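Report on the structure given below.
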Number of protein chains: 2
Amino acid sequence: MLRYTLRQVEYAVAIWDHGSVAAASAHLGVAQPTLSASLAKLEAQIGLQLFIRHHAQGVSPSPAGLRFLAEARNLITHAQDLQRDTAAAGTTIEGQLALASFATIAPSFVPPLIKGFTSLHPQVTIRMAEGTQDELLKGVRSGDFDVALLYDVDMPEDFAVTPLASFAPHVLLPGRHRLTRLKNVPLVALKDEPFVLLDIAPSRTYFTRILETAGITPNVAFSSPSLEVVRGLVGQGLGYSILVTRPFGDHSYAGEELAVRPIADEVARGVIALAALKQMRKTRLVSAFEAHCVDYFRAFAS
Amino acid sequence: MLRYTLRQVEYAVAIWDHGSVAAASAHLGVAQPTLSASLAKLEAQIGLQLFIRHHAQGVSPSPAGLRFLAEARNLITHAQDLQRDTAAAGTTIEGQLALASFATIAPSFVPPLIKGFTSLHPQVTIRMAEGTQDELLKGVRSGDFDVALLYDVDMPEDFAVTPLASFAPHVLLPGRHRLTRLKNVPLVALKDEPFVLLDIAPSRTYFTRILETAGITPNVAFSSPSLEVVRGLVGQGLGYSILVTRPFGDHSYAGEELAVRPIADEVARGVIALAALKQMRKTRLVSAFEAHCVDYFRAFAS
DNA sequence: AGCGCAGCATCGTAAAATCCTATTCAAGGT
DNA sequence: ACCTTGAATAGGATTTTACGATGCTGCGCT
């Protein structure tokens, strides 16, 4: 347990600097008896007389006091540095931002977001991570991340969710599938087709719910947690899929042609959102990033 | 002005270490509400939420909080180091001792004193200075020195004086002076002889007072502030002197023979003493040195 | 599904620390 | 002898810190 306070040390160093209690008092804007008492108490607590008192002529440090004061000044400087850094962290836009992103959202949106934000605020570094919804929520709750970029589906009560943009899901078909002739695919047309499910929470429930809402029990032939694997399976003609994320280009990794068709029915759109803990007081940095995200996604309003 | 206290930071770091307010409370022996309030206040004062609260599962640092806490721990360590060093300075016998010595006393006594003390306490270093009585008193008063080794003559009221040993003054004569035939020299015999005065305060007044007490008005032919110059002048046959300090050997620097004779009269002895400021609370180190001096000079009891 | 437990926050209060103004006291300079 | 300077003390108001008791809420266990 520490036996002295920063305030006491601060005063003692000021008395040293000014050569007298009275001068320090004037300079600090603190009454002279306050300093006198504070110094006396500090000396008692550390068991060391710091100053020699000269009647009507100020004080001067004792040999042992001088050694203490030299170190004490370092401590005060250290404390001031910490305060300054902390104040900066709270009010200016700099430092590190820990951002987690849902795996299928990350490749399309995170790079431009980071590019835009860091060129706006060069003092900022961003730490990135991707994961499933569960992992993101856990990470934010445990303090590993400041915010998470994810789909606003089944979000728990303790998260503050900022919607950014919504995207309509689409049907993904093999390039030569007979339904590719249609401009819009009604969900009923998929009734008996084999379904390739993107199997990540909460996407899984989101997609199956879309089909079930249309009265269709999906015939899940394959499933994978990887978007690219799903696209590959569809490319191989093993079934259709329903997705929100739409990478640039109409080919799978392996090169098979793919076809993307809007859904004819009215369906729930996938809402991309930024989520943070409700209980967390936002730093300026986090707020600024949030604003930047809103800005960036405004372009996708549709 | 610093906006947080060491106590607050100490508590916050403890909470971090133990993962919960309750655990830190048990470990610190401080009530849980105290820590809770202290943390809340600290967060408000630095404008930064340090911890995420988990219901019934402790707390975990936020990303920004983590950065603060890492630095905060350094600060606490710094403060603890200072406290430890200071406590050591107050209670153990180590560190630096600033010793000032009257110029004529120094050569004979300071080297053995330092040798003896530092071999007793190897952790101690001693800073040395010599000077006139005025300089010594000024140095001790201004905090340049912890203690001064000097003659206890005309000591001001604000000094605490510890007598160490007393030495009888002697008459110093040229080697072939007629009075060298006497075993003890009565002061009256010096009545008309030229006097060579060691002219340093307070020795000057001490020596002249001795002669005046015996009813003699000294005929000051020469004076010098240097003991060795005085001995040289006497060696040249330019007069006699009265001194307390008696170097080893009966020759001046230039090689002239000198004779030392006790004074037949009853005269005031020169008292060597250690002086410190009354108002200064002594460190263990100073007390130990004082004790060592008393010990060392016991051998000179005469 | 309900219940108990764990753990943080809040409330009320007592003790201690902090700070102020007014005053006293001592040394030095005039 | 008096005035100035500057530290210490006294007394009192305010703030801070601490405590115990209690409330509240999610988690895990039956």
Side-chain angles (χ1 to χ4, degrees), chain A residues 1-12 14-16 18-45 49-61 137-138 141-143 156-159 277-281, chain B residues 1-12 14-16 18-45 49-62 137-138 141-142 156-159 277-281:
Chain A
M1 191 70 82
L2 291 165
R3 268 196 294 283
Y4 58 89
T5 71
L6 277 181
R7 184 64 53 91
Q8 287 172 340
V9 173
E10 203 180 3
Y11 286 170
I15 291 171
W16 181 28
H18 293 95
S20 83
V21 176
S25 156
H27 196 266
L28 290 172
V30 171
Q32 172 265 319
T34 301
L35 293 190
S36 182
S38 163
L39 175 59
K41 186 155 190 201
L42 175 60
E43 288 180 328
Q45 279 165 339
Q49 184 173 338
L50 297 178
F51 291 95
I52 300 164
R53 274 70 164 175
H54 306 289
H55 280 283
Q57 307 222 122
V59 297
S60 55
L137 300 186
K138 205 176 81 180
R141 275 204 264 249
S142 73
E157 257 306 300
D158 54 336
F159 276 83
L277 274 185
K278 262 185 191 160
Q279 67 162 235
M280 271 301 293
R281 179 199 151 119
Chain B
M1 191 70 80
L2 290 165
R3 268 196 291 283
Y4 57 89
T5 70
L6 277 181
R7 184 63 54 90
Q8 287 172 338
V9 173
E10 203 180 4
Y11 285 171
I15 291 171
W16 182 27
H18 292 94
S20 83
V21 176
S25 158
H27 196 265
L28 290 173
V30 170
Q32 172 265 318
T34 301
L35 293 189
S36 182
S38 163
L39 175 60
K41 186 156 192 202
L42 175 61
E43 288 180 327
Q45 279 165 339
Q49 184 172 338
L50 297 178
F51 291 95
I52 299 164
R53 274 70 165 174
H54 306 289
H55 281 282
Q57 306 221 120
V59 297
S60 55
S62 69
L137 299 186
K138 205 176 82 180
R141 275 203 264 250
S142 73
E157 255 307 298
D158 55 335
F159 276 83
L277 275 184
K278 262 186 190 159
Q279 67 163 236
M280 272 300 294
R281 177 199 152 119

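Just so we're on the same page: letters track the sequence lines, and every chain starts at 1. Just so it is clear, the structure is predicted and the values come from calculations on it, not from any experiment.
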Interatomic distance, A:L39 CG vs D:dG6 P [rounded to whole Å]: 16 Å

Validation row: A:R141, A:L277 side chains within 4.5 angstrom (heavy atoms): yes

Whole-Å gap separating C1' (D:dT16) and CG (B:L35): 15 Å

Nearest-Å distance for atom pair NZ/C1', residues A:K278 and D:dG26: 15 Å

Non-hydrogen side-chain atoms of A:Q279 and A:D158 separated by less than 4.5 Å: no

Atom-to-atom span, CG of A:L6 to C1' of D:dT16 - whole angstrom: 16 Å

Distance, rounded to the nearest Å, where A:R141 contributes CZ and D:dG26 contributes P: 11 Å

Pairing residues for B:H54 by the ring pair (Phe, Tyr, Trp, His ring centres under 6.0 Å) criterion, not counting sequence neighbours: none

Rounded distance in Å - CG (A:D158) to C1' (D:dC27): 13 Å

Side chain to side chain, A:R7 and B:T5, heavy atoms closer than 4.5 Å: no

Side-chain N or O of B:S36 closer than 4.0 Å to phosphate OP1/OP2 of C:dA9: yes

For atom CD of A:Q279 and atom P of D:dG26, their distance in whole Å: 11 Å

Footprint string (nucleotides 25-30 of chain C, 5' to 3'): B base within contact, S backbone only, - free, heavy atoms under 4.0 Å: -SB---

Separation of B:E43 CD from B:Q45 CD (nearest 0.5 Å): 11.0 Å

Below 4.0 Å: OP1/OP2 of D:dG6 and any side-chain N or O of A:R53: no

Gap between atoms CH2 and C1', on A:W16 and D:dA7 respectively (whole Å): 21 Å

Filtered N/O pairs between nucleotides 14-21 of chain C and protein, under 3.5 Å:
from: C:dA17; atom 1: O5'; to: A:K41; atom 2: NZ; distance (Å): 3.4
from: C:dT18; atom 1: OP2; to: A:K41; atom 2: NZ; distance (Å): 3.4
from: C:dC19; atom 1: OP1; to: A:R7; atom 2: NH1; distance (Å): 2.9
from: C:dC19; atom 1: OP1; to: A:Y11; atom 2: OH; distance (Å): 3.4
from: C:dC20; atom 1: OP2; to: A:A31; atom 2: N; distance (Å): 2.7
from: C:dC20; atom 1: OP2; to: A:T34; atom 2: OG1; distance (Å): 2.8

